[in-house]
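Letters A, B, ... mirror the listed sequences (proteins, then strands); counts begin at 1.
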There are 2 protein chains.
Amino acid sequence: MTTPEPADALLNHIRKFIALSDDEATFLLDHVQFKTLRNKDFLLKAGDVCHENFFIVQGCVRMYMHIDNGTEQIIQFAIDNWWMTDYMSFDHQKPAQFNIQAVEPTQVVVFSRSAQDVVFEKIPRLERYFRIILQRAYSASLMRIHFIYNQTGEARYQQFTRLFPDFVQRVPQYMLASYLGFTPEFLSKIRAKKG
Amino acid sequence: MTTPEPADALLNHIRKFIALSDDEATFLLDHVQFKTLRNKDFLLKAGDVCHENFFIVQGCVRMYMHIDNGTEQIIQFAIDNWWMTDYMSFDHQKPAQFNIQAVEPTQVVVFSRSAQDVVFEKIPRLERYFRIILQRAYSASLMRIHFIYNQTGEARYQQFTRLFPDFVQRVPQYMLASYLGFTPEFLSKIRAKKG
DNA sequence: TTTCGTTCTTGAACTAGATTAAGTTTTTTC
DNA sequence: GAAAAAACTTAATCTAGTTCAAGAACGAAA
């Protein structure tokens, strides 16, 4: 099985939600760029204004923040077919709070704020696509808050490994711990228990 | 100062984000209902399919879930000028996980799923409005996850009272505790410290 | 193969917050 | 305005998860 063309990955995903004529697809593709990232390459650094939205064709990126004690807090991962950006910065064109960085070799589609304005003007239906995407992302993040509040760290880890067994292999454990909201030491302890 | 007409409250809010002609406004208003809730009235009960999105004109509602031990987990509050629904249920037309209930006398605009389909068809620009709203709700909920992970319960309470001093008065403390992710007993302790 | 940096593990001491169980105050209802 | 219900407080005990500190394993580079 071959890796899909980045352009096809994007169009296929959009067409799961809205109809898009060939002309519209061409217009859209004329307004995006394709980019290949190595591990640890940055898409956004905290403090910079975020001018782009990113669609992950293949690979994995993380959104994170530096906190007080010199450590990092991972807010989110994005894998194949997810959009990721710092919407706060993207929307208001103010300095970003978050970093966005590849955690493995990753292919992305880059959709700039200015391109978005042009494309939405020409293809208003595309707003619908993003509305639906955001609706899902939003409700997923509310469910995540629910789980954070009502499950122990251990239960969250078990659930995560059950839902994304392959993904757990792809990122270092300390990143997983940060994403799940506890320390790497505690994750080690959880794993030790069931070996 | 008089309470704004519900219809005006909705139109004013929409017009902060997109242009809306008088004809479009009329068309939209023909497809929504207005509803007045008493304290504890339900907009949605877990298990039912959610067919509506709600705009809070004035008042306050909470979204919550029953959990294992007979207690309740509050996921979200919505006050004036916020939309609230169970997007998971609304989107897929599956049974809702959440309850949505008034916590004080509240006026809402009811925008049904079927009306939404009709209205989006006629006024595609409105998708833009919801896209922007959702973008903000989503990024706010990511920030919330960040704070849950990186601040103590006490710090979250202090921050919340600083940001929404009037709101703290409006809801019972046990609801605030649940929203902030700790027990009512712990909230009592925090408050005792600084009296 | 050695070296260096990064990631992972283990254990002991500690703390934020939960739980349980009364008791008290406030609000609602008849 | 009494009774019942709902909301809040206090204190003792308990635990999930942190912090600190050291060492072990792994991987990349040279």
Take D166(B) and R170(B) through the test salt bridge (Lys or Arg N to Asp or Glu O under 4.0 Å) and record every step on the way to the result. CA-CA 7 Å; D166(B) 47 337; R170(B) 280 160 67 178; 5.0 Å; no

Could you pick out which residue, N39(B) or F186(B), lies toward the 5' side of DNA chain C when each is mapped onto its nearest nucleotide?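 Residue closer to the 5' terminus by nearest nucleotide: F186(B).
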
Min side-chain heavy-atom separation I75(B)-F98(B) under 4.5 Å: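 They are in contact (side-chain heavy atoms under 4.5 Å apart), so the answer is yes.
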
Is there a side-chain contact between K193(A) and E154(A) (heavy atoms, below 4.5 Å)?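 Touching, per the 4.5 Å side-chain cut-off.
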
Please check the phosphate of dT9(D) (OP1 and OP2 only) for any side-chain N or O of R191(B) closer than 4.0 Å. yes

Contact under 4.0 Å: T152(A) side-chain N or O vs dA16(D) OP1/OP2: no

Could you state the [atom1]-[atom2] distance from [X] to [N], rounded to the nearest angstrom?
{"X": "R156(B)", "N": "dA16(C)", "atom1": "CZ", "atom2": "C1'", "result": "11 Å"}
{"X": "K193(A)", "N": "dC8(C)", "atom1": "NZ", "atom2": "C1'", "result": "18 Å"}
{"X": "I148(A)", "N": "dA16(D)", "atom1": "CD1", "atom2": "P", "result": "19 Å"}
{"X": "Y157(A)", "N": "dC8(C)", "atom1": "OH", "atom2": "P", "result": "11 Å"}
{"X": "F182(A)", "N": "dA16(C)", "atom1": "CZ", "atom2": "C1'", "result": "18 Å"}
{"X": "N150(B)", "N": "dG17(D)", "atom1": "CG", "atom2": "P", "result": "16 Å"}
{"X": "L176(A)", "N": "dC8(C)", "atom1": "CG", "atom2": "C1'", "result": "13 Å"}
{"X": "Y149(B)", "N": "dA16(D)", "atom1": "OH", "atom2": "P", "result": "18 Å"}

Given DNA chain D, 5'-ward residue of the pair K189(A) and L187(B), judged by closest heavy atom: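 Between the two, 5'-proximity favours L187(B).
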
Pick the nucleotide of DNA chain D nearest each of G153(A) and E185(A); which residue has the one closer to the 5' end?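 It is G153(A) whose nearest nucleotide is closer to the 5' end.
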
Verify, without hydrogens or angle tests, whether T106(B) (side chain) and A102(B) (backbone) share a donor-acceptor contact under 3.5 angstrom. no

How would you label the contact of S188(B) with the nucleic acid (heavy atoms, under 4.0 Å): base, sugar-phosphate, or nothing?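 S188(B): base contact, heavy atoms under 4.0 Å.
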
Qualifying residue, where the test is ring-ring contact (aromatic ring centres under 6.0 Å, His included) with F55(B) and the options are W82(B), W83(B), F34(B):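 Between F55(B) and the candidates, ring-ring contact (aromatic ring centres under 6.0 Å, His included) is satisfied uniquely by W83(B).
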
